[in-house]
Amino acid sequence: MAPIIRDRQFTDSSALTDFVINRGNGVKGLSEMGLKALPKPYIQPLEERLCMTKFVPQQSIPIIDMSYWKNPRVASAVCDAAEKWGFFQIVNHDVPIEVLNNVKDATYRFFDLPADQKNKYSKENSASNNVRFGTSFSPEAEKSLEWKDYLSLFFVSEEEASMLWPPVCREQVLDYIRRTEVVIKKLLQMLMEGLNVKEIDEAKRSLLMGSIRTNLNYYPICPDPELTVGVGRHSDVSTLTILLQDEIGGLYVRGNQGDGDNWIHVPPIKGSLVINVGDALQILSNNRYKSVEHRVIANGTKNRISVPIFVNPKPTDIIGPLVEVLKNGEKPIYKQVLYSDYVKHFFRKAHDGKKTVEFAEI
């Protein structure tokens, strides 16, 4: 743990960058210094802070019980939520609670490592682009930084993971990925049937779930949480995202009602998984299913973690509206785009709401 130096302030941005990024301390290191005020680079513009007057307390995203997943009403609820909300929570999904608890514990173990141990996996030091420890979203492109550290793990094979992933969390993350695969396949089957796609062949499987990336996210206690964000407004570039929250809460989703600037808190439910539609599925469905802006607030009293699994096309896949969606004469809204180009466009800029999807529009 970094020493508590309550009066220290980073007035020099290069010193801040060196401490947080180059030396691998992350914002966790800043938090543990007991800073009285937020360093200036983390102060977000007023329009990017979540004003509580825009919070809609009486609304909630759908909660779907997966106990009887073969019941047509479950599939109908999943497709309806993907169309109207872009977000829903699932309960009784058959991923054991101990698997979820183990991956949460493993997340804390990784971020509790000394800075020099975590820094082995930074952009400059990692043995592979598939394993990346970092902070904020894209520090090189952002005018204001986000109050978050992360470990990103792109899954290629169990063999590569066993060689390259950090030992303190490797097995727990692999188990989490294995156990959620069945759930992912069930959800995608329901969503495809909703688009009149009768069979998920090998080409469709690649488009829908050809690659997997998991993030371990850490949001440490923040000295001025109302001035910054944990994660800024964005939609995911995935097909689907499966998110494991801890009990702290802090995820907000843009509502589908009112003036379009209402935000709904996604309350943690023990044992649940949060599912959201990503841009790739919005494009494949020609806007039938909606990816939705979401954000994470910073917390002034508690550390928070989350573990999303991003289910994506393969980087070499071409994404565009599915043939089955257009066969009744529906006009395509999106062109055919190389998925790796779409992802590169997303990562070369700061979070900016839903603007990434414009890259694929006709």
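Counting from 1, the numbers follow the sequence of the chain as shown.
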Taking Val95 as the starting point, is it possible to reach Ile184 by hopping between hydrophobic residues whose side chains are less than 4.5 Å apart? yes
Without hydrogens or angle criteria, can the side chains of Asn312 and Ser238 be said to hold a donor-acceptor pair below 3.5 Å? no
Does one hydrophobic cluster hold both Val237 and Phe155, with members joined at side-chain heavy-atom distances below 4.5 Å? yes
Residues Asn287 and Tyr334: side-chain donor-acceptor under 3.5 angstrom: yes
Asn71 side-chain N/O to Arg73 backbone N/O, donor-acceptor pair under 3.5 Å: yes
Any sub-3.5 Å donor-acceptor pair from Ser157's side-chain atoms to Glu160's backbone N or O? yes
Tell me whether Leu164 shares a hydrophobic cluster with Val168, the cluster being built from Ile, Leu, Val, Met, Phe, Trp, Tyr side chains joined at under 4.5 Å. yes
Exactly one candidate in Asn217, Ile242, Thr107 meets side chain to side chain contact (heavy atoms under 4.5 Å, CB included) with Val307; the answer is Thr107
Going only through I, L, V, M, F, W and Y residues with side-chain contacts under 4.5 Å, is there a path from Val266 to Ile248? no
Leu191 and its side chain to side chain contact (heavy atoms under 4.5 Å, CB included) partner, picked from Leu208, Leu284, Leu281: Leu281
Please answer whether the main-chain N or O of Pro267 pairs with a side-chain N or O of Gln89 as donor and acceptor at a distance below 3.5 Å. yes
Check: Ile318 main-chain N/O paired with Gln336 side-chain donor or acceptor under 3.5 Å: no
Taking side chain as C-beta onward, heavy atoms only, is Thr239 less than 4.5 Å from Met209? no
Of Asn276, Asp279, Val311, the one forming a side chain to side chain contact (heavy atoms under 4.5 Å, CB included) with Asp236 is Asn276
For the side chain of Glu146 and the backbone of Gly232, is there at least one donor-acceptor N/O pair under 3.5 Å apart? yes
Asn196 side chain to Glu324 backbone, donor-acceptor under 3.5 Å: no
Minimum-distance pair of heavy atoms, taken over all atoms of Met190 and Val78: SD-CG2, 3.8 Å
Taking atom types as modelled, is there a side-chain donor on Asp175 or Asn102 under 3.5 Å from an acceptor on the other? no
Is a side-chain N or O of Asp224 found less than 3.5 angstrom from the main chain of Leu38, in a donor-acceptor match? yes
Sub-4.5 Å side-chain heavy-atom contact between Tyr42 and Val27: yes
Is the NZ or CZ atom of Arg295 both under 6.0 Å from the centre of the six-membered ring of Tyr252 and within 45° of that ring's axis? no
For Ser31 and Ile221, which heavy atoms make the closest approach, and how far apart are they? OG-O, 2.7 Å
Carboxylate-amine/guanidinium proximity below 4.0 Å for Glu98 and Arg179: no
Phe88 and Leu187, any side-chain heavy atoms less than 4.5 Å apart: yes
How about Arg132 and Phe154: do any of their side-chain heavy atoms sit closer than 4.5 Å? no
Side-chain contact test, heavy atoms from C-beta onward, threshold under 4.5 Å: evaluate it for Trp85 versus Ser60 and give yes or no. no
Under 3.5 Å: donor-acceptor pair, side chain of Ser211, backbone of Pro313: yes
For Asp94, I'd like to know if atom CG has over 12 heavy atoms of other residues, nucleotides or ligands within 6.0 Å. no
Please check this pair: side chain of Asn125 against backbone of Ser122, looking for a donor-acceptor N/O pair closer than 3.5 Å. no
Is the closest side-chain heavy-atom distance between Lys204 and Leu322 below 4.5 Å? yes
Once the angle between the rings of Phe111 and Phe133 is folded into 0 to 90°, is it parallel (under 30°), tilted (30 to 60°) or perpendicular (over 60°)? tilted
Following the transitive rule for hydrophobic clusters with a side-chain heavy-atom cut-off under 4.5 Å over Ile, Leu, Val, Met, Phe, Trp and Tyr, establish whether Leu240 and Val197 coincide in one cluster. yes
Do Asn286 and Arg288 meet the criterion of a side-chain donor-acceptor pair at a distance under 3.5 Å? no
Between Asn25 and Met33, is any pair of side-chain heavy atoms under 4.5 Å apart? no
With a 4.5 Å limit on heavy-atom distance, are the side chains of Arg109 and Cys169 in contact? no
Aromatic ring pairing His294/His234, orientation class (parallel under 30°, perpendicular over 60°, tilted between): tilted
Any donor-acceptor pair under 3.5 Å linking the side chain of Ser126 with the backbone of Lys123? no
